[in-house]
Amino acid sequence: ASQVYVRMKQKACEKAGIKSFGYKLPADISQAELEGLVSELNANPEVHGILVQLPLPKGLDEERVLNAISIEKDVDGFHPVNIGRLAQKGRKPTFVPCTPDGCIYLLDQTGVNLEGAEAVVLGRSNIVGMPVALLLVERNATVTICHSRTPDIGALTRQADILVAAVGKAKIITGEMIRPGAVVVDFGVNVIEDKLIGDVDTEAAMEVASYVTPVPGGTGPMTNIMLMTNTLAAAKRQVAASAR
């Protein structure tokens, strides 16, 4: 899934006219070397956005690496300060994480009223599940987060006006688990027999839900669009700051 997203991001940059370059680092790179590279990119005025592809190999401190990124170049929105602001009422992060932000954009395009809606999020990862839940709370939805220890997930999902699946288990959400008319957002990226399959049984969901995001072609492109949007905003801020 991670490799798929990297290729998609590179293509999106090329299409948008954004110069992108990557560093393919060995899995046994030291913490100091990785943070050193981030520091070099922080100091480079020609670099407006820095993205560390997660998850990192075992043995590396993810939080230290993310914390090392300049908050002005944190176009992926995962700097601890940005996440902290996202979690606090009345605080605005410099950047919102791209994948969750794309989810909210998609929901807005359906015309669904998020205020007062019952939302169920499957998954509590730092990359998707938790930030999506925080953004839904910010929009005054009532949010339930389900995970591997949640008993009878179906009983909860069948109550959801908005169902977000981000657990990484192919077709874990069946049609019977979806409330008629619900909006279903599928973040699952599972490779089964060289095919990308989501966490939702899409065909079954389409018989019940009002909207369903496809895999591939749903949330992935939205992630890239939000990344391009964040990168453009970062570049504008930095160019304006240097001109003062």
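Using a distance-only test at 3.5 Å, with no hydrogens or angles considered, no donor-acceptor pair links the side chain of Glu118 to the main chain of Gln159. Within the 3.5 Å criterion, the main-chain N or O of Ile172 finds no donor-acceptor partner in the side chain of Asp201. In this structure, Thr157 contributes its side chain and Met177 its backbone to a donor-acceptor pair below 3.5 Å. Here the side chain of Asp161 pairs no donor or acceptor atom with the backbone of Ala117 at under 3.5 angstrom. With hydrogens and angles ignored, the 3.5 Å screen pairs a side-chain donor or acceptor of Lys73 with a backbone N or O of Leu41. With hydrogens and angles disregarded, no donor-acceptor distance shorter than 3.5 Å links the side chain of Thr150 to the backbone of Ile153.
One finds the CD1 atom of Ile173 at 8.5 Å from the CG atom of Asp186 (value rounded to the nearest 0.5 Å). Here Leu134 contributes atom CG and Ile83 contributes atom CD1; the two are 7.5 Å apart, rounded to the nearest 0.5 Å. A distance of 8.0 Å separates CG in Leu66 from CZ in Phe78, rounded to the nearest 0.5 Å. A distance of 9.5 Å separates CZ in Phe187 from CE in Met222, rounded to the nearest 0.5 Å. Put simply, OH on Tyr105 and OG1 on Thr223 are 14.0 Å apart, with the number rounded to the nearest 0.5 Å. If you take OG1 on Thr142 and CG on Leu114, they are separated by 11.5 Å, rounding to the nearest 0.5 Å.
Cluster annotation: Leu106 is connected to Met226 through the hydrophobic network of ILVMFWY side chains, with a link wherever side-chain heavy atoms come within less than 4.5 Å. When hydrophobic clusters are built by joining Ile, Leu, Val, Met, Phe, Trp and Tyr residues whose side-chain heavy atoms come closer than 4.5 Å, directly or via intermediates, Met228 is not grouped with Leu232. Leu37 and Val52 end up in the same hydrophobic cluster when Ile, Leu, Val, Met, Phe, Trp and Tyr side chains are linked at under 4.5 Å. Leu107 and Ile225 fall into different hydrophobic clusters, where Ile, Leu, Val, Met, Phe, Trp and Tyr residues are linked whenever their side-chain heavy atoms come under 4.5 Å apart, directly or through other members.
For Glu138 and Lys92, the salt-bridge test passes: some basic side-chain N is under 4.0 Å from an acidic carboxylate O. Salt-bridge formation is not detected for the pair Glu115/Arg139: no Lys NZ or Arg NE/NH1/NH2 atom is positioned less than 4.0 Å from an Asp or Glu carboxylate oxygen. Looking at Lys171 and Asp199, no side-chain N of the basic residue comes within less than 4.0 Å of a carboxylate O on the acidic one, giving no salt bridge.
Arg91 CZ: 12 or fewer foreign heavy atoms inside a 6.0 Å radius. Within a 6.0 Å sphere centred on CD of Gln109, heavy atoms belonging to other residues, nucleotides or ligands number more than 12. In Met8, the CE atom is crowded: over 12 heavy atoms of neighbouring residues, nucleotides or ligands sit closer than 6.0 Å. Within a 6.0 Å radius of CD in Gln88, other residues, nucleotides and ligands contribute more than 12 heavy atoms.
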CA sep, side-chain torsions, deciding dist, call: Leu136, Val121, side-chain contact (heavy atoms from CB on, under 4.5 Å): CA-CA 10 Å; Leu136 287 167; Val121 178; 3.9 Å; yes
From CA spacing to verdict: side-chain contact (heavy atoms from CB on, under 4.5 Å), Asn82, Leu86: CA-CA 6 Å; Asn82 276 326; Leu86 188 66; over 6 Å; no
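The closest side-chain donor-acceptor pair between Gln31 and Glu35 falls under 3.5 angstrom. Checked by atom type, the side-chain pair Arg85/Thr94 shows a donor-acceptor distance below 3.5 Å. No hydrogens or angles considered: a donor-acceptor pair under 3.5 Å links the side chains of Glu176 and Thr174. Using a 3.5 Å distance cut-off with no hydrogens or angles, the side chains of Thr219 and Thr213 do not pair a donor with an acceptor.
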